[in-house]
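Since the structure is predicted, the reported quantities are computational estimates derived from the model, not experimental observations. Note that the numbering runs from 1 along the sequence shown for the chain.
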Amino acid sequence: MKADAANGNIDKASVIRALFASYHNKDRAALERILSDDFRFTSPYDDAIDKAAYFERCWPTSQHIAGHTLEKVVDLGGNEAMVQYECRMPGGKTFRNVEVMAFDGDRVRSVNVYFGATYKDGKFVK
């Protein structure tokens, strides 16, 4: 991943783009390299699950994702960054999520995801 030459900090946006590219490309090996060995994932359905549980429970959803549009990538300073994205599913459903990521060097150490509403053809879907 690309480091900022001025201060040696990692370019968190590049890491985040690579993480989402691994989903788009269905490339688990690439994602495994991005996530730290002590990775933790938290969502409304998952309470700080480890890397093995993440790949067991969450990675299979990559097969049901048509793509992501990264709308905002914000370096929060320190070891954190945030991304807001729109996710497109086959069949036309879309939803937006926000993820706050903590980094350990150029690897993602944790993700806290916050879910948004789902839409199809511009209309809210329950």
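Once rounded to the nearest 0.5 Å, the distance linking CH2 of W59 with CD of E32 reads 9.0 Å. Between the CD atom of E80 and the CG atom of D75 there is a distance of 10.0 Å, given to the nearest 0.5 Å. The CZ atom of F124 sits 7.5 Å away from atom OG1 of T118, with the distance rounded to the nearest 0.5 Å. To the nearest 0.5 Å, atom CZ of residue F95 and atom CZ of residue R88 are 10.5 Å apart. Atoms NE2 and CG, on H68 and L19 in that order, are 9.0 Å from each other to the nearest 0.5 Å. Rounding to the nearest 0.5 Å gives a distance of 13.5 Å between CZ of F20 and CG of N25.
A heavy-atom distance below 4.5 Å is not found between the side chains of Q84 and N97. The shortest distance between side-chain heavy atoms of I49 and C58 falls below 4.5 Å. Counting heavy atoms from C-beta on, the side chains of D46 and Y54 never come closer than 4.5 Å. Using a 4.5 Å heavy-atom cutoff, the side chains of D104 and N79 are not in contact.
Put simply, V74 and I10 are part of two different groups of oily side chains (I, L, V, M, F, W, Y) that touch within less than 4.5 Å, one to the next. Residues Y23 and V73 are members of one and the same hydrophobic cluster, defined by side-chain heavy-atom contacts under 4.5 angstrom among Ile, Leu, Val, Met, Phe, Trp and Tyr. Under a hydrophobic-cluster definition in which Ile, Leu, Val, Met, Phe, Trp and Tyr are linked whenever side-chain heavy atoms come within less than 4.5 Å, directly or via other members, L70 and M89 are assigned to the same cluster. Taken together through direct or relayed side-chain contacts under 4.5 Å among Ile, Leu, Val, Met, Phe, Trp and Tyr, Y85 and I34 form part of one hydrophobic cluster. Side-chain heavy atoms closer than 4.5 Å link hydrophobic residues (I, L, V, M, F, W, Y) into clusters, and following such links, possibly through other members, connects M82 to Y114.
The two residues T42 and A48 have their closest heavy-atom pair at OG1-N, 3.0 Å. In terms of heavy-atom proximity, V113 sits nearest to S43 at CG1-CB, 3.1 Å.
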Legend entry - Criterion side-chain contact (heavy atoms from CB on, under 4.5 Å) on I65 and C87, from CA distance to verdict: CA-CA 7 Å; I65 294 174; C87 183; 3.8 Å; yes
Inset, instruction - With side-chain contact (heavy atoms from CB on, under 4.5 Å) as the test, would you mind laying out the steps for L35 and F41 before giving the verdict? - result: CA-CA 10 Å; L35 303 180; F41 179 81; over 6 Å; no
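The backbone N or O of Q63 sits nowhere less than 3.5 Å from a side-chain atom of K26 that would complete a donor-acceptor pair. The closest donor-acceptor contact from the side chain of K12 to the backbone of F103 lies at 3.5 Å or more, if one exists at all.
Taking a 6.0 Å sphere around NZ of K51, one finds it holds more than 12 heavy atoms contributed by other residues, nucleotides or ligands.
Residues meeting the salt bridge (charged side-chain N to carboxylate O under 4.0 Å, His left out) test with R107, sequence neighbours left out: D37.
Between Y45 and F115, the ring planes lie tilted relative to each other; the angle falls in the 30° to 60° range.
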